[in-house]
Amino acid sequence: LAPGMLITGGAGSGKTMALLHVVHWAKTSGWLVCYVPNARQWTHGAYWEPHPQIAGSMVQTDLVFNFLRSFALTNASLLESVPLQYDLTFGDSEPPAGVPQIGAAQGHTLADLLDIVPRFNSPEPEEPEGTLAVDPHVIFVAEHLKRELDAQTALPLLVAIDQFNFLFDQSGYHELHGRGMITPTV
């Protein structure tokens, strides 16, 4: 596939199956794979909260946390071979409690970066047993992963997004005045 390829077709024409075949081919060919099976989930119905440092920006910590875990599981056999190029920072703040310093200076890899993701979960005291609260600082790990993937040249990378059109439509989120937001502003 060429960079930026879009698979199109009518409902039931096999777009999802074609995309799954591309994902499978890339995975078995030694590519890093970033697969989003349901873009609608990112635009309609996830819980969002204020960004820990950027006023007016929102983050979807549960989705980010689950995406990072999925990326780590999908690419586990390759992550040790990709050294970090940069040190992980948390904007203007210190790392959350229990999160070690990760970065190029320490000789860490993408595997080390993604190994810290479970530390952003903690039991939610007011929720039923098994419910977890995700620290909003997990967004910095996702932003750092993107930066590292942009910088690395050792492995090809496939970004595959099913239901891509939801990223450019009215979202399920609303502005303060009740109007639906176009997704790029989410």
Side-chain angles (χ1 to χ4, degrees), residues 31-127 131-155 157-161 164 166-167 171-173 175 181-186:
W31 288 41
L32 288 169
V33 174
C34 175
Y35 175 55
V36 177
N38 183 357
R40 185 178 193 284
Q41 181 183 20
W42 289 79
T43 61
H44 291 75
Y47 173 75
W48 56 269
E49 59 190 288
H51 191 286
Q53 294 181 6
I54 302 173
S57 291
M58 302 295 165
V59 294
Q60 299 171 311
T61 55
D62 291 344
L63 287 174
V64 169
F65 178 82
N66 289 328
F67 169 79
L68 290 171
R69 283 188 14 197
S70 175
F71 184 85
L73 289 171
T74 301
N75 297 286
S77 64
L78 301 173
L79 298 175
E80 283 290 337
S81 68
V82 183
L84 295 184
Q85 305 296 309
Y86 308 101
D87 293 336
L88 173 62
T89 62
F90 292 90
D92 298 333
S93 64
E94 294 295 316
V99 175
Q101 182 60 38
I102 297 290
Q106 294 84 9
H108 289 122
T109 66
L110 284 180
D112 299 315
L113 175 67
L114 293 168
D115 279 349
I116 69 169
V117 170
R119 296 178 190 212
F120 288 90
N121 246 347
S122 61
E124 184 65 53
E126 292 120 26
E127 297 295 328
T131 302
L132 298 172
V134 178
D135 184 314
H137 288 87
V138 74
I139 191 68
F140 293 105
V141 177
E143 291 168 353
H144 192 81
L145 175 63
K146 182 192 178 301
R147 185 177 183 202
E148 293 289 348
L149 291 174
D150 287 345
Q152 73 86 28
T153 57
L155 297 170
L157 170 68
L158 172 68
V159 177
I161 303 172
F164 183 77
F166 278 107
L167 299 178
S171 76
Y173 304 109
E175 295 177 6
M181 294 190 303
I182 301 298
T183 304
T185 63
V186 172

What are the two closest non-hydrogen atoms of [X] and [Y], and how far apart are they?
X	Y	value
Ala104	Leu84	CB-O, 3.2 Å
Leu88	Phe140	CD1-O, 3.7 Å
Pro136	Thr61	CA-CG2, 3.3 Å
Pro96	Asp135	CB-OD2, 3.7 Å
Ser93	His137	OG-NE2, 3.5 Å
Pro95	Val99	CB-O, 3.6 Å

*Among Val117, Asp150, Leu110, side chain to side chain contact (heavy atoms under 4.5 Å, CB included) partner for Leu145*: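 One option only clears the test, and that one is Leu110.
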Would you call [X] and [Y] a side-chain contact if the rule is heavy atoms closer than 4.5 Å?
X	Y	result
Phe90	Glu94	no
Phe71	Leu149	yes
Asp87	Gln106	yes
Val82	Leu155	yes
Leu114	Leu68	yes

*Roughly how far, to the nearest 0.5 Å, is CG of Leu158 from CG of Leu32?*
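So the gap between those two atoms works out to 10.0 Å.
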_His108 side, atom NE2; Asp115 side, atom CG - distance, nearest 0.5 Å_ =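 Here the rounded value is 9.5 Å.
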*asked:* Under the side-chain hydrogen bond (donor to acceptor under 3.5 Å, both in side chains) definition, can you give me all pairs with a residue in residues 71-85, not counting sequence neighbours?
replied: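 Not a single pair qualifies under side-chain hydrogen bond (donor to acceptor under 3.5 Å, both in side chains).
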*asked:* Using side chain to side chain contact (heavy atoms under 4.5 Å, CB included), reason through Leu113 and Val141 one step at a time and then give a plain yes or no.
replied: CA-CA 7 Å; Leu113 175 67; Val141 177; 4.0 Å; yes
*Under the 3.5 angstrom rule, does the side chain of Asp112 hit a backbone N or O of Ile102 as a donor-acceptor pair?*
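Checked: no pair found.
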